[in-house]
Structure formats: structure tokens, C-alpha cells
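Notes follow once the structure below has been shown.
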Amino acid sequence: MTAIQMTIDDRLLVVIAGPTAVGKTTLGIQLARQLGTRIISADSRQFYREMKIGTAAPSPEELSTVPHHFVHHLSIHDPYNVSRFESEVLLLLDNLFLQYPVVLMVGGSGLYINAVCHGIDMLPDPDHEIRVRLNMILEKSGIRALQDELQIVDPEYAAVVDLANPARLIRALEIYRATGVPFSTLRTNTMKTRRFRIVKIGIDLPREILNQRINGRVEAMIKDGLVEEARQLYPLRHLNALNTVGYKELFEYFEGNTSLDYAVDKIKTNSRRYAKRQLTWFRKDPDYKWFKPEDAHSILELPELSPFIGL
RNA sequence: GGCGUCGUAGCUCAGAUGGUAGAGCAGAGGACUGAAAAUCCUUGUGUCACUGGUUCAAUUCCAGUCGAUGCCA
């Protein structure tokens, strides 16, 4: 197949997903150079320019090697959500595909990747007031009160949600309170089809090696000044963006609740658990083809990718 | 060296006046539609340090050994 024969339907989005610290960034850059294209980052914390060290964002050198989108494009003060990410990425892809027949999306945020690949239902954005009120109910009356309200307002969703998960209950209730429509009605659970093709590549390593990489990277972050970065952000700790591994543990240290050593250990542990959750998410999606981070060559040999090498 | 305390799950420890044991953490698995690096669920067999004794039965009682620790010398 030559470039001239390509139709619009040949455009390809290559998703590179996997657990934290597995080596997605390096691999992504390697692939992007081979394919002569750009990278869209799908990492819900690397969005924020104030969080550089603790999110292991691509370095300035890496960013200058291959253009990245959605890295450090936000401030932690900016409200943001998956839906905005979906529409912004789709808009960007429309433009990028005019120039590049294949584009990479690299990241570890499963929900965000799903939104781009398969879409997310039209739902109202959270209303701050309502959410605060629901959180107060949770605190004062307990989760039972939320369960009871959901049971009345949206029994259909109450039958399928994880009733022990306050975040789920509050989200469903705030939608109902804001719109008068039950969440179960708005949540269609249908996958949108995209105009472009998608190949999903999962990157993984044996758990023991991944853990070593996680631990090593946390040590490196500390050496690179994570403590200072976190200290500067400490006054803003209430912001959602800072409810993040690598920061919240250091905030505990600043409050005098833990030692620095303990906080650093906690960061390692929580990163391992995060990696586990990411793997659980990606593994259940049968579309993923799994590789190791050093498998750039075999990835490029995939029939979907090989036509684009050196274009 | 003497006296005491301790030795139980990867770690910190509980426990049975004798019927082979259980919590927290870690680990493992899972869920997930605008908080997602978030939020939540499930999951505990281990020579109860070793050797011998008493006993129908010992991880539990007794003795010795080893190790840890405290006090005294």
C-alpha cells in the first residue's frame, strides 16, 4: 500500500497502554520516530504543568525529540475531565490525520483511553455545590443515606452499582439532582465507532521487574527534587489533581504524620498498587496485543503498522 | 557469666488455664461512564525456633539447646 492509495479510513490510531514505569514513554518516542508521527499523551496527571517530577512526565529532551500533545497543557487549578479530553483529542486527531496517516496515543489512564477509542455518554458535568452537599450527607449520615436515596431515585442503577463505593453513588445522585433524570437513563453504555482505525498495544513486564522499576523510579524522583516540588504544592493540596501518588504521601510527611522514609516507602507501595489497577483495567479489554517495552521491532512488524514505517 | 522476657503468616503482633491458630499491613485477584495516579470489593495452612519429656493428644505444660532483647555483674 502506498500513501497515494490510502483513503481516509486507513487512518490509524495506535494506543500504547500499560502500567506506570513500564517504559511507555521511551517506547512511544521510539515508535513515533519510526513512524514519523506525533504522540498524544493519555495520562491524567501529566496534564498538569505544576506536576513534573512526580508524574514522570517526558523530559524536555524527550518532548523536543517528538512533539507531544496533552502534556503540561493544564494548570492544577483548571477543572478538567474525561469528556473534555475525549472531544479535545478527537478534534486534534482530525487535524493531525491531515498530516500524519498514523498517530500514537501513549498513556496509562484507562478511562481516558476508552473515552477516545469508544466514546463516553453525554452526561452533565459535576455541579460543585451538589457534590459538596452529597459529600456532607456521606460524612454525617453515612453511606446508607446515599444508598437509600439512589434506591428511590434510580433503582435500576442501584441494582448494578457497587453500593459500597461512595464515589459511584455520589456521581449517580448528583446527576439526578442536577437533571431530574436517572443516571441509568443517561448511561447508554454503547460504544461509538470512530472514523479511524485503532490498534491497541499493551506493554507489560514480569511483576518483579516492574516493581524494581517502580522502586527505582521513585528513588530517582526523590533525587530529582520531588520533595521540593511537593512542598511548593502543599498549600494547594485540596485540589483534586494533587490527590495523586507521589504527592499525597509527602503531604502526610509535611503535616508531621509520617517520616520521610515512611512516605517514600508509601509512594512505592501505592505506585505498585496503581500499576496493578492499571493492569486489571487493560487486561479485561481483549483488543490489546501485549508486548514488552523492548519489543519496538515486533510492534512495528504488526500488519497494521508496517505499511507506515518510514513514510 | 547470673536473672528475666521473647521466639506464631513476607512484616508488626494477638491467642488458646492442652484438642494443630487469627488480626492489621504487605502480597494476589477483581470492579470501574466527567474524582480515574481517583474510588471501591474479594482473598489468610503457617514445620506456632529446635530437641527431648509428660499426656489419648503439645504450638500451648516441663527440661534442655539455639537466637533476640532487657537488667545485674
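Quick caveat, the model's predicted, so the values are computed rather than measured. In what follows, chains carry the letters A, B, and so on, assigned in the order in which the sequence lines appear, proteins first and then strands, with residues in each chain numbered from 1.
Using a 4.0 Å heavy-atom cutoff across all strands shown, Asn114(A) reaches no nucleic acid atom at all. Within 4.0 Å of Asp121(A), counting heavy atoms only, lies at least one base atom of the nucleic acid. Tyr247(A) comes within 4.0 angstrom of nothing in the nucleic acid, heavy atoms only. Counting any heavy atom pair closer than 4.0 Å across all strands shown, Gly54(A) reaches a base atom.
With A31(B), G29(B), A35(B) as the choices, the nucleotide that has an atom nearest any side-chain atom of Glu174(A) turns out to be A35(B). Relative to the side chain of Ala167(A), the nucleotides A36(B), A35(B), C40(B) differ in distance, and A35(B) lies closest. With U39(B), A35(B), C32(B) as the candidates, the nucleotide lying closest to the side chain of Trp281(A) is C32(B). Each of C41(B), A26(B), A38(B) was ranked by its minimum atom distance to the side chain of Ala164(A); first place goes to C41(B). Side-chain proximity of Asp162(A) to the nucleotides A36(B), C41(B), A26(B) is greatest for C41(B). Distance from the side chain of Arg171(A) is smallest for G34(B) among the nucleotides G27(B), G34(B), C32(B). With A28(B), U39(B), A36(B) as the candidates, the nucleotide lying closest to the side chain of Lys276(A) is A28(B). Here A36(B) is the nucleotide among C40(B), C32(B), A36(B) with the atom lying nearest to any side-chain atom of Asn240(A). Of the candidates C32(B), A35(B), G34(B), the closest approach to any side-chain atom of Asp125(A) belongs to G34(B). Checking G29(B), C32(B), C40(B) against the side-chain heavy atoms of Arg277(A) singles out C40(B) as nearest.
Below the 3.5 angstrom threshold, one finds no donor paired with an acceptor across the side chain of Arg273(A) and the base of A26(B).
Taking the nucleotide of RNA chain B with the nearest heavy atom to each of Gly108(A) and Arg84(A), the more 5' of the two is matched to Arg84(A).
Taking the six-membered ring where the residue is Trp, Phe70(A) and Phe85(A) present perpendicular rings, their angle passing 60° and hence far from 30°.
With both pairing distances under 3.5 Å, U45(B) is matched to nothing as a Watson-Crick or G-U wobble pair. Across all strands shown, U39(B) forms a Watson-Crick or G-U wobble pair, both distances under 3.5 Å, with A31(B). Nucleotide C56(B) forms a pair with G19(B), judged by Watson-Crick or G-U wobble geometry with both contacts under 3.5 Å. In this structure, G70(B) and C3(B) make a Watson-Crick or G-U wobble pair, each of the two defining distances being under 3.5 angstrom.
Using modelled atom types, one side-chain atom of Tyr247(A) and one backbone atom of Gly54(A) make a donor-acceptor pair closer than 3.5 Å.
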